[in-house]
Amino acid sequence: MSSWPLRSLLRGIRTTAWPHREEPAAGIGPGRPRADSHQPPDIAERCPTGALRAVAAGMAVDFGRCVHCQRCRHGEGALPWSKDFSWTAPGPRTGPPLGRRFRRSLHVRYIDAGACGACMGEVRLIDAPPYNLHRFGIFITASPRDADVLLVGGPVTEAMRTPLIKSYEAMPQPKRVVAMGVCALNGGVFGRSFASAGGVDGVIPVDLVIPGCPPPPLAILHGLLAVTGRTGTCEVEELP
Amino acid sequence: MSRRNEIAEILRARTRDAAVRELADRLTVYAVPGAVPGLARLLVAEQGFEFATLVVDHLGDGDKLTVRYFFYAPHESCLVEIATTAASRAQLPAISDTVHAADWHEREAEDLFGVRFAGHPFLGDFVLHDDEWPEDVAPMRAAFNPGTRPREPGRGDEWRPRRLLDEQGALVFPVGPVWGDYAEAGLWLLETPGEQIRQAHTRLFYKYRGVEKIAEGRAPADALLLAERFSGNAAFSHAMSYCQALEKLAGSQVPPRAEALRVVFAELERIRYHASTIAQLAGATALVVGKAMGQEIEEDLLRLAGEVCGHRYLFGLAVPGGLAWSPDAAELTRLATGVRRGAARLAQYERLLTHSSSFLDRIEEMGTLTPTLAATYGVVGPVARAAGRTIDLRRALPYGGYTETPPEVAHETEGDGYARMRVFFDEIRASADLIRRHLETLPNGPVAAPCHPEPGGALAWVEAPAGATFHWVRLDERGLVARLRLGTPGFRNWHAFHRAVEGAAFQDFPIILASFGLTVAENDR
């Protein structure tokens, strides 16, 4: 018989100290290109999603479109890439942060509205030991009737439109919707088509967006903390 | 006489000589529609071939369709294509009455192209759900506009699932599409008279994003994003398969260093994929510490990929002609160390799991897919290798860097949850060994060759973490994607999943689900 509890105790605490301290580990996220004032405009041609835009002062980056394809990361004229992950931005119809009473008890329902598997993988890890969302008083709930937050991944496929609307309507007030991943923002690489709505906003109101393809676990946690105002947000587009 | 020549002779004897053509990677037989079932039966029932995938494609003129059936010999490198032509809205004879593995392929082609298959018993509600879509929509047809959906609604609340169980007190228990903690969207209808699941129906395609359709008309570099990301946790494998198809069309030779590194990254992806599956399996059995330990290893493997390749899921690395860039020497050393360490921790994890009787009780003789059923449904990947089928494309049809170093193929016969878990661990060991060998003997040189694909169609394949994957890519005269077919292992294995659930108790359903190690995204596309 394996002694799981003993093993668990011997391993000690493996959870990141973030957000109280920086997380120094490498590979916790893909990072993303930063707006830059030194780049020639032709680097924008490498971008397959139109995330890079040449402006008078240099290169602007639309994080709502960046899918970390890394085509602007290597080779000549490469853009500088950051290692940050605090990417959450206000959505199209931002409600105010949920009040203090939610700060230690926030229930989240995750809905897969066509996510590719990478978003699925990352969202599964937010309750793994390295990240542990429970230390923030955040819980995943099986029913939208118990949920304060709907966390939605994927471009919202035709078949998931109705389940998504029903889930949203089943939630008690006050409620917030967080769209995670660029697919949930605007359809991402799948865009808007006969089969997908091209983002959550066309189906239910979105309060916060977490860009990224996929957003790493710490970016998702950052988004959930922003729901209750425990952390700030940033802009989706960065200008040089 | 090689197996390929032998099969060519047999096919020539069966058809007119002129109809069999020898291509670089396969034999192609042109047949009239009526001859297809006989040829399929010859290959599968008499010659022991495996069904690979079905590719329906438009011909240049009008609404005519080319229908290609691919088969491969499981142990000798031999790929056979049977091609036929169908007029618009024509009826083709079904092959799924003898090749059951083609069942879902025919249902899909009927739903998306409007091709009718005579003799198929279950056409209708499949990819396009009848409650959401009107019956006569065929989105894969050339005339269909991918930008918008038709306005006519489906049957809405009138739709009811098919019920088979006719017994007093019997009910249908729906699981999904919004269910569990972080479950993927899909609907499992469990028919039960009380506690035991008698019948189960898997209703997928809630995540149908129309990837094959929206890829059409895109430049190959743009369609790469779709081929890579429709199933993100096997992204490198799918991207590699797509790139191999373009390399065939270009006649370009991938440099040796890139071939070796592709093996390294594909195997890294396999290790991480299997680690994630095992962690989810431990979670499904409520072994909380076991799940946490598995997730920790998964996270460390993701970080390793992120550190060395810039992206935790290896996005952006594979490009037509090789790799987008090469990690430097320090990064490769870090990769070798990280893989060695991850494999050692997984070995220790395996010892802990296989010495936990409470855990083994939940997976032994649970969710059994017998070797007979596995063969009937033509399942692939670890699910097949746990049920006596030693099918692995890295050996059956060696490609890229696997030609020199084919891996050991795991082999179990019980077909239950425990056998599948042992296969996952065996494959992790084999993958770590492959990575070590390739990193020790890594050739120097460039990692990308020029790749300018010519118009035409090509089939490429990889053994993705979940099993055999076949991508068909056809480019038109402008060099744009005219057809992208993603023949995925998820599509093969979900077909058989319900057979493993029959007879199980309700609380075992999530365990069986986790033990299959499948993703819905890979099926739905």
Side-chain angles (χ1 to χ4, degrees), chain A residues 1-2 4-5 7-8 11 14 25-31 48-49 67-71 73-75 81 109-125 128-130 140 142 144 154-155 157-160 162-163 167 188-196 213-214 216, chain B residues 129 132-133 139 145-149 177-185 205-211 213-214 221-222 225-226 229-235 276 287 289-290 292-293 295-296 298-299 302-307 310-313 315-316 324-325 352-353 355-357 519 521-522:
Chain A
M1 189 66 201
S2 302
W4 291 100
R7 297 246 157 217
S8 174
R11 283 199 345 279
R14 298 294 178 98
I28 48 169
T49 58
V67 294
H68 320 283
C69 69
Q70 311 198 56
R71 292 179 196 179
R73 193 179 204 168
H74 297 273
W81 276 50
R109 172 66 237 180
Y110 174 74
I111 294 202
D112 166 22
C116 74
C119 270
M120 297 293 313
E122 299 295 54
V123 80
R124 276 195 190 106
L125 286 170
I140 300 294
T157 52
E158 275 300 307
M160 282 310 290
T162 307
S167 300
V189 296
F190 307 110
R192 186 183 183 146
S193 75
F194 73 104
S196 50
C213 184
Chain B
H129 293 166
E132 298 286 346
W133 295 86
N145 171 13
T148 52
R149 66 154 286 171
V178 176
W179 70 289
D181 285 351
Y182 311 98
E184 277 195 279
F205 296 102
Y206 282 86
K207 300 173 67 162
Y208 174 63
R209 288 147 288 169
V211 171
K213 180 67 179 182
I214 60 178
D222 285 348
L225 292 177
L226 289 172
R229 295 169 198 231
F230 78 94
S231 180
N233 54 359
S276 170
L287 187 65
V289 183
M293 200 180 275
Q295 285 186 316
E296 244 185 274
E298 179 193 358
E299 171 65 20
L302 285 167
R303 287 185 184 181
L304 181 65
E307 189 182 345
H311 198 287
R312 288 155 62 91
Y313 292 84
F315 287 1
W325 73 93
L352 288 168
L353 287 175
H355 285 86
S356 294
S357 53
T519 73
E522 197 177 50

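All values below were derived from every heavy atom in this structure, side-chain atoms included, with hydrogens, water molecules and symmetry-related copies excluded. Sequence lines set the chain letters: A, B, ... in the order given, protein chains first and strands last, and positions in each chain run from 1.
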Problem set entry | Heavy-atom pairs under 4.5 Å with chain A, option from B:Ala235, B:Ala305, B:Ala221 with the top count | B:Ala221
For this session: Among the options B:Thr519, B:Leu304, B:Asn145, B:Val289, pick out the one with the most heavy-atom pairs lying under 4.5 Å from chain A.
Result: B:Val289
For this session: Check the angle between the aromatic planes of A:Tyr110 and B:Tyr182 and answer parallel, tilted or perpendicular using the 30° and 60° thresholds.
Result: tilted
Exercise. Out of A:Ser193, A:Pro216, A:Ala142, which one racks up the most heavy-atom pairs below 4.5 Å with chain B?
Worked result: A:Ser193
Problem set entry | Between NE2 on residue B:His311 and SG on residue A:Cys69, distance to nearest 0.5 Å | 9.5 Å
Problem set entry | Pairs of heavy atoms under 4.5 Å with chain B: top-ranked of A:Gly75, A:Ala25, A:Pro129, A:Ala113 | A:Pro129
For this session: Tell me, for A:Pro48 versus chain B, whether the close heavy atoms (under 4.5 Å) come from the side chain, the backbone, both or neither.
Result: both
Exercise. At their closest point, which heavy atom of A:Pro155 faces which heavy atom of B:Arg209, and how far apart are they?
Worked result: CG-CG, 4.1 Å
Exercise. Do you know which of B:Gly232, B:Pro139, B:Ser276, B:Gly290 has the most heavy-atom pairs under 4.5 Å to chain A?
Worked result: B:Gly232
Problem set entry | Under 4.5 Å from any heavy atom of chain A - which part of B:Arg312 | side chain
For this session: Side chain from CB out, backbone as N, CA, C, O: work out which of these in A:Ile28 comes under 4.5 Å of a heavy atom of chain B, or both, or neither.
Result: both
For this session: Measure the CH2-CG distance between A:Trp4 and B:Leu353 for me, rounded to the nearest 0.5 Å.
Result: 4.5 Å
For this session: For the residue pair B:Tyr313 and B:Phe315, categorise the inter-ring angle as parallel (less than 30°), tilted (30 to 60°) or perpendicular (more than 60°).
Result: tilted
For this session: For residues B:Asp181 and A:Ile140, report the shortest heavy-atom separation together with the two atoms involved.
Result: O-CG2, 3.6 Å
Problem set entry | Closest-packed option against chain A by number of heavy-atom pairs under 4.5 Å, given B:Gly210, B:Ala234, B:Ala185, B:Ala324 | B:Ala185
For this session: Just give me the residue among A:Arg73, A:Arg11, A:Glu122 that pairs up with chain B most often, heavy atom to heavy atom, under 4.5 Å.
Result: A:Glu122
For this session: Taking only Lys NZ, Arg NE, NH1 and NH2, and the carboxylate oxygens of Asp or Glu, determine whether B:Glu299 and A:Arg124 approach each other closer than 4.0 Å.
Result: no
For this session: Would you mind checking which part of A:Cys213 comes under 4.5 Å of any heavy atom in chain B, side chain (CB onward), backbone (N, CA, C, O), both or neither?
Result: both
Exercise. Between A:Thr162 and B:Glu132, is any side-chain donor less than 3.5 angstrom from a side-chain acceptor?
Worked result: yes
For this session: Begin from the C-alpha positions of A:Arg109 and A:Ser167 and carry the test side chain to side chain contact (heavy atoms under 4.5 Å, CB included) through to its verdict.
Result: CA-CA 9 Å; A:Arg109 172 66 237 180; A:Ser167 300; 5.8 Å; no
Problem set entry | Which of B:Met293, B:His129, B:Lys213 touches chain A most, by non-hydrogen pairs under 4.5 Å | B:Met293
Exercise. Taking every heavy-atom pair that is under 4.5 Å apart, which of B:Glu298, B:Gln295, B:Glu307 has the most such pairs with chain A?
Worked result: B:Gln295
Problem set entry | Segment of A:His68 engaging chain B (4.5 angstrom heavy-atom cut-off) | both
Exercise. Taking it one step at a time, do B:Val178 and A:Met160 satisfy side chain to side chain contact (heavy atoms under 4.5 Å, CB included)?
Worked result: CA-CA 9 Å; B:Val178 176; A:Met160 282 310 290; 4.1 Å; yes
Exercise. Is it the backbone or the side chain of B:Trp325 that comes under 4.5 Å from a heavy atom of chain A, or both, or neither?
Worked result: side chain
For this session: For each of A:Met120, A:Arg192, A:His74, A:Arg71, tally heavy-atom pairs with chain B at distances under 4.5 Å, and name the one with the top tally.
Result: A:His74
